[in-house]
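Single-structure report; data block below.
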Amino acid sequence: MDKPYLRKLSNPPLDNPIFVQGLPGFGNVGRIAAHFLIKFCDAKPFAELYSPSFPDYISITSKGLACLPRYEFYYAPMEKNTLIIMTGEIQPSFDDVVAHYEVCDYVVDFAEKLGCRFIVTMGGVPITEDKAQVYIAATSPRLATEFMEKGAVIYSKGRIVGGTGLTLALAKEHKIDGVSLLGTTLGFKADKGAGFLVFKFLMKALGKEIKEGLAENNQTEES
């Protein structure tokens with residue numbers, strides 16, 4: 001394997017698809033939010049992405065099976081759209097800038113080929129005080145304002161590291177609209193509360209209100 005490789009598991013019908021990405025990072029917020037989304041929508045896997053840029057360790061299933069590190073793609077039919085949810089346990093090394101660009105550009109290319117005209121990335125933003133909030137960065141002032149009116153705070157003069165930011169910026173280069181939703185988190189340990197906050201905000205933006213009790217009733221792998 002000398003470049004990213006995509007394995008299709010099925011070819012589901014996609015209706016006006018929206019691409020949603022949640023990867024590890026600060027507080028593991030993006031990945032936790034993605035797992036809430038997958039469970040709530042009963043999303044089904046349909047593709048996997050492998051890359052030589054991913055770490056050189058493997059994961060072992062509960063049945064003792066060896067698996068290469070990968071990104072997983074799920075689909076979930078909604079009332080007006082199909083959600084395509086991408087998550088994974090890893091990212092390329094933050095020291096390997098070229099690898100990040102290569103993998104993120106591959107992801108955006110795949111989303112574009114699936115017909116996605118809107119991309120959402122989810123992640124965490126570190127803070128020093130315990131204040132639950134969702135920040136928004138976007139590909140256009142219009143989208144930033146639209147999501148601010150839904151309750152998010154503009155993320156200004158900051159940086160978004162890793163795939164959470166790079167996927168959004170590359171989507172903009174592809175003329176694809178998108179936003180990044182960032183949940184505030186105090187540290188590097190898994191922050192289930194921040195993950196749930198981002199998930200809840202996204203579902204509200206999509207027209208679905210989420211009850212607070214869902215966080216306790218649906219445990220994620222990261223809790």
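- Ring geometry, F54 versus Y71: the interplanar angle falls from 30° to 60°, so the pair is classed tilted.
- Counted by atom type alone, T121 and S180 present one or more donor-acceptor pairs between their side chains at under 3.5 Å.
- Not one N or O on the side chain of D15 forms a donor-acceptor pair closer than 3.5 Å with the backbone of T82.
- Using cut-offs of 30° and 60° for the angle between ring planes, the F19 and F73 rings count as tilted.
- Two residues are said to be in side-chain contact when any heavy atoms from C-beta on lie closer than 4.5 Å; I18 and L206 meet this criterion.
- A donor-acceptor contact shorter than 3.5 Å is absent between the side chain of E102 and the backbone of S51.
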L182 and T164: side-chain contact (heavy atoms from CB on, under 4.5 Å), yes or no, with the steps? CA-CA 9 Å; L182 306 171; T164 304; 4.0 Å; yes
Does the ring-ring contact (aromatic ring centres under 6.0 Å, His included) test come out yes or no for F199 and H35, once each step is laid out? CA-CA 9 Å; F199 156 73; H35 277 264; over 10 Å; no
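- A heavy-atom distance below 4.5 Å is found between the side chains of D177 and R142.
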Does L9 form a side-chain contact (heavy atoms from CB on, under 4.5 Å) with E48? I'd like the steps, not just the answer. CA-CA 8 Å; L9 307 177; E48 299 170 340; 4.1 Å; yes
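- T61 places a side-chain heavy atom less than 4.5 Å from the side chain of C67.
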Mind running side-chain contact (heavy atoms from CB on, under 4.5 Å) on L49 and R70 for me, showing each step along the way? CA-CA 5 Å; L49 176 64; R70 64 193 185 276; 6.0 Å; no
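- Although no hydrogens or angles enter the test, the distance criterion places a donor-acceptor pair under 3.5 Å between the side chain of H100 and the main chain of P92.
- For Y101, the OH atom counts as loosely surrounded, since its 6.0 Å shell holds 12 or fewer non-hydrogen atoms of other residues, nucleotides or ligands.
- Within 6.0 Å of NZ on K8 lie more than 12 heavy atoms contributed by other residues, nucleotides or ligands.
- At least one donor-acceptor pair closer than 3.5 Å links the side chain of Q91 to the backbone N or O of P24.
- A donor-acceptor pair under 3.5 Å is formed between the side chain of T184 and the backbone N or O of Q133.
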